[in-house]
**Q** 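Sharing a structure here in structure tokens format.
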Amino acid sequence: MTSPHCRSCGAPLTRTVVDLGRQPLSNAYLEPDQVADERTYPLHARFCERCFLVQVDDVVPPEEIFGDYAYFSSFSDSWVSHAQQFVKTAVDRFGLGPSSFVVEIASNDGYLLAHLVEAGVPVLGIEPAANVAAVAVERGVPTDVRFFGLDTATDLAERGPLADLIIANNVFAHVPDLNDFVRGLGALLHPDGTISIEVPHLLCLVRDVQFDTIYHEHFSYYSVLAARNVLGRHGLKIVDVERLSTHGGSVRIFAAHERSGRAVSPAVEHVLREERDAGLDRPDGFDGFADRVAACRRGLLDYLVSSAASGRRVVGYGAAAKGNTLLNYAGVGPDLLEYVADRSPHKQGRLLPGSHIPIVDPSRLDRDRPDDILILPWNLRDEVVDQLARARDWGSRFVVAVPEIEFIG
Ligand code: ZN
């Protein structure tokens with residue numbers, strides 16, 4: 001393989017953050033008859049010494065990544081309430097009303113924009129997955145089925161108003177052509193408009209060993225330092241940053257046109273300083289990370305093997321992408337984790353990619369009353385423990401495995 005180059009600045013990538021081996025796509029849930037055709041790809045995260053972006057090698061054909069997208073945002077309660085709060089704050093902060101125009105990129109099933117529609121604000125969703133977009137349209141959220149980039153932005157700017165607010169929350173990590181995407185943001189943004197970008201924060205990924213958030217569909221892992229570099233390349237500047245607890249620690253970055261003359265909040269320099277202190281602008285900031293990842297794998301295997309040996313029944317909860325990175329890196333199969341329960345009917349009856357662990361309806365837990373329930377999406381642990389409060393009456397324990405095995409008391 002030729003040496004990979006940075007998707008943001010083009011520099012050669014020579015520094016490994018962690019090599020997670022060959023893995024299938026983490027969202028490629030399988031029908032039982034598809035197991036024989038499963039493909040795997042190297043999952044290798046690297047650090048760019050020039051612009052500080054962490055990224056995985058570009059090795060998967062795009063049609064594989066975007067072909068079958070089973071994630072519907074509305075299936076997570078905490079996510080829907082996060083969106084509601086975001087909209088409430090945005091309406092006040094940006095004075096949004098009937099004469100404003102808000103565009104959301106990767107608007108999913110419209111769960112966020114629906115709140116703006118309710119508030120009487122004109123909106124447009126951009127969503128490439130037709131099945132997901134159809135749900136949005138049904139609930140009254142105008143949605144274009146397409147990918148976002150400079151072409152889409154130029155087309156929209158010719159047909160309608162420029163956007164006062166562009167919401168690009170939790171999409172930045174999934175953008176294959178980052179520079180085209182950011183150019184598009186600039187082209188669609190009103191001269192005085194604002195872009196809201198939410199991304200999982202690299203600072204938290206490194207600090208808390210959140211290596212299971214690394215998967216092929218997740219191309220890039222941002223510090224504010226790295227985001228500033230790519231935005232600045234296209235005439236955009238960061239005017240404010242907020243820290244969020246979502247996804248194990250995220251940042252919400254507000255950006256505007258460089259030429260807008262907008263004031264920059266002191267919060268921006270504060271976060272940048274914290275990132276520099278953590279070494280996110282230097283390769284040695286990632287020293288020891290791979291060893292901590294390996295220790296997490298050993299901890300999970302020790303726990304599962306000793307549970308099996310002592311006859312304790314362990315099942316999983318939450319068929320999230322991050323669980324697949326963890327299980328496949330650790331080599332866990334149905335012999336160690338019998339099944340994973342998930343509320344999404346789109347996943348039930350299928351198998352987790354790689355590990356081939358069956359996905360079942362959560363009602364199965366009520367019948368089986370397992371000894372331990374391993375919560376794979378640890379970022380939703382409180383929500384899951386609430387949903388499954390009845391399991392405590394059966395004597396079940398709740399467990400998370402990242403960054404290390406922890407029994408939730
Ligand atoms: Zn770079």
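Indexing begins at 1, ligand by ligand and atom by atom, following the structure's order.
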**Q** So how many protein N, O or S atoms does the Zn ion (ligand 1) have within less than 2.8 Å?
**A** 4
**Q** Quick check: closest heavy atoms across V209 and V402, and the distance to 0.1 Å?
**A** O-CG1, 3.4 Å
**Q** Between F172 and F181, what is the ring plane arrangement, given parallel below 30°, perpendicular above 60°, and tilted in between?
**A** perpendicular
**Q** For R292, what residues pass the salt bridge (Lys or Arg N to Asp or Glu O under 4.0 Å) criterion, not counting sequence neighbours?
**A** none
**Q** Could you tell me which residues satisfy salt bridge (Lys or Arg N to Asp or Glu O under 4.0 Å) with E49, sequence neighbours excluded, listed by chain and number?
**A** R15
**Q** Can you list the residues that meet the salt bridge (Lys or Arg N to Asp or Glu O under 4.0 Å) rule with E198, with sequence neighbours excluded?
**A** R252
**Q** Say whether Y111 and Q84, considering side chains only, have a donor N or O and an acceptor N or O under 3.5 Å apart.
**A** no
